[in-house]
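Quick caveat: nothing in here was measured; it's all calculated off a predicted structure. Because only heavy atoms are used, hydrogens play no part in the values below, and waters and symmetry mates are left out as well, while side chains stay in.
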Amino acid sequence: FVIIFGCLITGLGTYMQSLTTAEYVFGDFFLSQLLKGIGTQFLFMGSQYMCFINLEEKKKDNAASMFTLTLRLGAAVSIAMSSNYFSKWKKEFFGQITFETNYLSSPYYQNYKFNQIDENLDIFKENLYMISEREALVMSFNKIAFYSTWTVLIPIVLVWFFKYKPDKK
C-alpha cells in the first residue's frame, strides 16, 4: 500500500500545479513540489520492493540495473513527449489568445498607427504580445500537469496484478 499512498500524494501535488496562474511565485509552488517529492519516494520504494521480492539473491544485481535502465528510459520518453506537447499547446494557446485580442487589425490601432498620434501604442503592442506569450506558457503547463495527474492511476491499477511468491525453503 506504500505505492498507492505514494501515487495519491504525487497526484495531489501534480494536481495542485495544474491550477497555476501567471502570478505564482516560488512560495506558491513549495507545497505542491514537496508533495510530489514525498509521494515519488514512496512510489519508488514500493515499486523497487515489488520488483525484487520474488528474485533470488544472485539475480538482484542484474535486475537492479535493468530496473534503473527501464526507469530512466521511461522518464526520458515521458519528458520528450511532454516537451513536444508543451510546445504544440503553447503555440495553439498563443494563437487563440492573439486571435481573440487581435490588436494588429483593430481599427483603433490602425487609425493611431497611420496618424502617428500615439507612439506608445507600439509599446502597448509589445507588452500585450509578452503577456499573451506568458499566458500561453502557463496554460500549456497547466494542461501538461493536469494530464500528468491522471498517470498516477497506472501504478494503482497495476499493483493489484502483483503476486507474491513466498520462498520455498
>> As a quick check of understanding, evaluate side-chain contact (heavy atoms from CB on, under 4.5 Å) for Ser18 and Thr14, giving each step before the final call.
In response: CA-CA 7 Å; Ser18 72; Thr14 307; over 6 Å; no
>> For Phe141 and Gln17: C-alpha separation, side-chain torsions, deciding distance, then whether side-chain contact (heavy atoms from CB on, under 4.5 Å) applies.
In response: CA-CA 9 Å; Phe141 176 78; Gln17 281 192 334; 4.1 Å; yes
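No continuous path of ILVMFWY side-chain contacts below 4.5 Å connects Leu34 to Tyr15, so the two sit in separate hydrophobic clusters. Criterion: ILVMFWY side-chain heavy atoms under 4.5 Å apart, direct or through other members. Under it, Met139 and Leu137 are part of a common hydrophobic cluster. In this structure, Leu19 is a member of the same hydrophobic cluster as Trp150, with clusters built from ILVMFWY side-chain heavy atoms closer than 4.5 Å. Transitive grouping of hydrophobic side chains (ILVMFWY, heavy atoms separated by less than 4.5 Å) brings Met16 and Ile38 into a common cluster. In terms of hydrophobic clustering, with Ile, Leu, Val, Met, Phe, Trp and Tyr side chains grouped at heavy-atom distances under 4.5 Å, Ile9 and Val152 are assigned to different clusters.
The shortest side-chain heavy-atom distance between Glu133 and Ile97 does not fall under the 4.5 Å cut-off. Proximity of Phe44 to Leu71: side-chain heavy atoms (C-beta onward) are separated by under 4.5 Å at one or more points. Side-chain contact between Leu12 and Leu8: absent, with no pair of heavy atoms (C-beta onward) separated by less than 4.5 Å.
Closest heavy-atom contact between Phe42 and Val2: O-CG1, 3.2 Å.
Trp89 has its ring centre less than 6.0 Å from the ring centre of Tyr147. In this structure, the ring of Tyr129 has its center less than 6.0 angstrom from the ring center of Phe94.
Rounding to the nearest 0.5 Å places CZ of Phe67 at 8.0 Å from OG1 of Thr70. Atom OG in Ser140 sits 3.5 Å away from atom CZ in Phe86 (nearest 0.5 Å). In this structure, Lys143 NZ and Glu92 CD are separated by 6.5 Å, a value rounded to the nearest 0.5 Å. Taken from NZ in Lys36 to CG in Leu43, the straight-line distance is 13.0 Å, to the nearest 0.5 Å. Expressed to the nearest 0.5 Å, how far CE of Met45 lies from CD of Gln41 amounts to 7.5 Å. Thr10 contributes atom OG1, which lies 8.5 Å from atom CG of Leu35 (distance to the nearest 0.5 angstrom).
A donor-acceptor contact shorter than 3.5 Å is absent between the side chain of Ser83 and the backbone of Ile79.
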